[in-house]
2 protein chains.
Amino acid sequence: MPDQGMAEDMHSLVEHRLRRIDQRYTSGRRAIVDLLVTAGHPVSIGDIAERLPDLPRSSAYRHLTDLHAAGLVRRVAANDEFTRFELAEDLTEHHHHLLCVNCGKVIDVTLPSGAEQQVTSVISQLADTAGFQPHSHRLDVLGLCSACA
Amino acid sequence: MPDQGMAEDMHSLVEHRLRRIDQRYTSGRRAIVDLLVTAGHPVSIGDIAERLPDLPRSSAYRHLTDLHAAGLVRRVAANDEFTRFELAEDLTEHHHHLLCVNCGKVIDVTLPSGAEQQVTSVISQLADTAGFQPHSHRLDVLGLCSACA
DNA sequence: ACATAGTCTAAGACTCAGTCTCAATACAAG
DNA sequence: CTTGTATTGAGACTGAGTCTTAGACTATGT
């Protein structure tokens with residue numbers, strides 16, 4: 001969890017990015033971003049509705065869409081589940097996901113830099129052979145979390 | 001694309017797996033499996049409706065659900081797109097996906113075995129630190145396909 | 001061949017995640 | 001304060017995916 005100073009920097013970055021596309025950093029949007037920061041893992045619309053009961057569903061969708069348009073939020077498709085959302089990689093460490101196929105839990109994990117480099121080089125190989133221009137990647141591991149195992 | 005012999009073996013494997021859970025390998029199910037085999041990449045319900053116009057949507061869903069329950073089909077969540085389906089890994093080579101963020105195209109790619117081993121070892125590291133029991137994994141690369149670049 | 005018990009299917013009603021519209025409100029800048 | 005623009009809540013709407021049901025099919029026993 002980021003400390004106060006980091007969180008402040010992050011909020012001003014978010015504000016700046018929104019301003020660039022003529023959008024304001026309002027309380028509703030800030031509530032969503034705060035929730036994503038404190039959650040520390042991808043959240044579904046259901047999670048948001050639970051934690052921000054006064055925020056209408058459609059507003060939550062709109063905020064997420066706007067933040068997504070500003071490149072501040074990304075979508076994570078869990079296995080058979082609903083769409084979840086997390087902060088974009090610019091705002092957090094690059095990480096991957098462990099998805100529990102039993103309880104649906106999503107765990108964020110960060111690779112040691114050596115391992116991450118291995119993955120990146122594997123991806124360049126992949127992309128080259130297909131004439132594909134990679135922007136980002138995701139490595140999801142499906143299995144059972146410690147509680148469900 | 002698998003040759004005739006491989007396809008036959010695969011169909012009898014599918015039949016056997018269905019039999020184990022008291023289900024038959026009927027024409028509707030076979031049509032879905034054939035389509036997945038010949039497609040060679042994940043297909044959406046829309047694709048299925050287009051190629052099998054006489055098969056009702058709800059039947060397609062049911063077949064896919066049944067095949068999924070038998071462990072013969074897996075779901076692939078494309079980026080912001082609809083759910084797609086492909087044959088389970090037992091029936092095909094283990095592979096990964098290049099997802100075009102512009103046109104939504106999904107390209108299957110197979111890693112050279114050395115690279116695949118690297119990925120696997122990275123995953124064991126990840127899983128160990130979280131007490132996670134990995135079953136399978138997916139490596140998706142997001143970017144632009146050669147046509148959209 | 002016939003019966004029967006169980007599986008499979010088409011048709012369509014239904015649910016609910018996600019989108020869209022619009023009138024009312026808040027904000028920024030002069 | 002006023003005006004133009006962005007934002008919001010409320011709720012209608014869309015469509016992917018699910019569920020139900022009555023009838024068709026298939027395997028097996030007699």
Using only modelled atom types and a 3.5 angstrom limit, is any donor from either the side chain of A:Ser58 or the base of D:dG9 paired with an acceptor on the other?
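A donor-acceptor contact between them is absent.
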Does A:His96 use its side chain to pair, donor to acceptor, with the backbone of A:Leu139 at less than 3.5 Å?
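Between the backbone of A:Leu139 and the side chain of A:His96 there is a qualifying donor-acceptor contact (under 3.5 Å).
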Is there a donor-acceptor pair under 3.5 Å between the side chain of B:Arg30 and the backbone N or O of B:Tyr25?
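No.
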Whole angstroms only, please: what is the [atom1]-[atom2] distance between [X] and [N]?
X       : N      : atom1 : atom2 : value
A:Arg75 : C:dT19 : CZ    : C1'   : 11 Å
A:Leu64 : C:dA17 : CG    : P     : 15 Å
B:Leu52 : C:dA10 : CG    : P     : 11 Å
B:Glu15 : D:dT26 : CD    : P     : 13 Å
B:Asp54 : C:dT9  : CG    : P     : 14 Å
B:Arg30 : D:dC25 : CZ    : P     : 20 Å
B:Leu18 : C:dG6  : CG    : C1'   : 16 Å

Once base and sugar-phosphate atoms are separated, protein heavy atoms under 4.0 Å mark nucleotides 1-8 of chain D, 5' to 3', with B, S and - as ----BSSB
Using a cut-off of 6.0 Å, state whether more than 12 heavy atoms not belonging to B:His16 lie near its atom NE2.
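No, not enclosed.
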Taking side chain to side chain contact (heavy atoms under 4.5 Å, CB included) as the criterion, tell me which of A:Leu98, A:Leu99, A:Val43 meets it with A:Val106.
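That would be A:Leu99.
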Of the nucleotides D:dA16, C:dC20, C:dG18, which one has an atom closest to the side chain of B:Tyr61?
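The nucleotide sitting nearest to the side chain is D:dA16.
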Qualifying residue for ring pair (Phe, Tyr, Trp, His ring centres under 6.0 Å) with A:His137, from A:His94, A:His95, A:His97:
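Option passing the ring pair (Phe, Tyr, Trp, His ring centres under 6.0 Å) with A:His137: A:His94.
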Please tell me if A:Arg57 has a side-chain N or O lying less than 4.0 Å from either OP1 or OP2 of C:dA17.
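Yes, within the criterion.
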Rounded distance (nearest 0.5 Å) linking atom OG of A:Ser12 with atom CE of A:Met10
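It is 8.5 Å, given to the nearest 0.5 Å.
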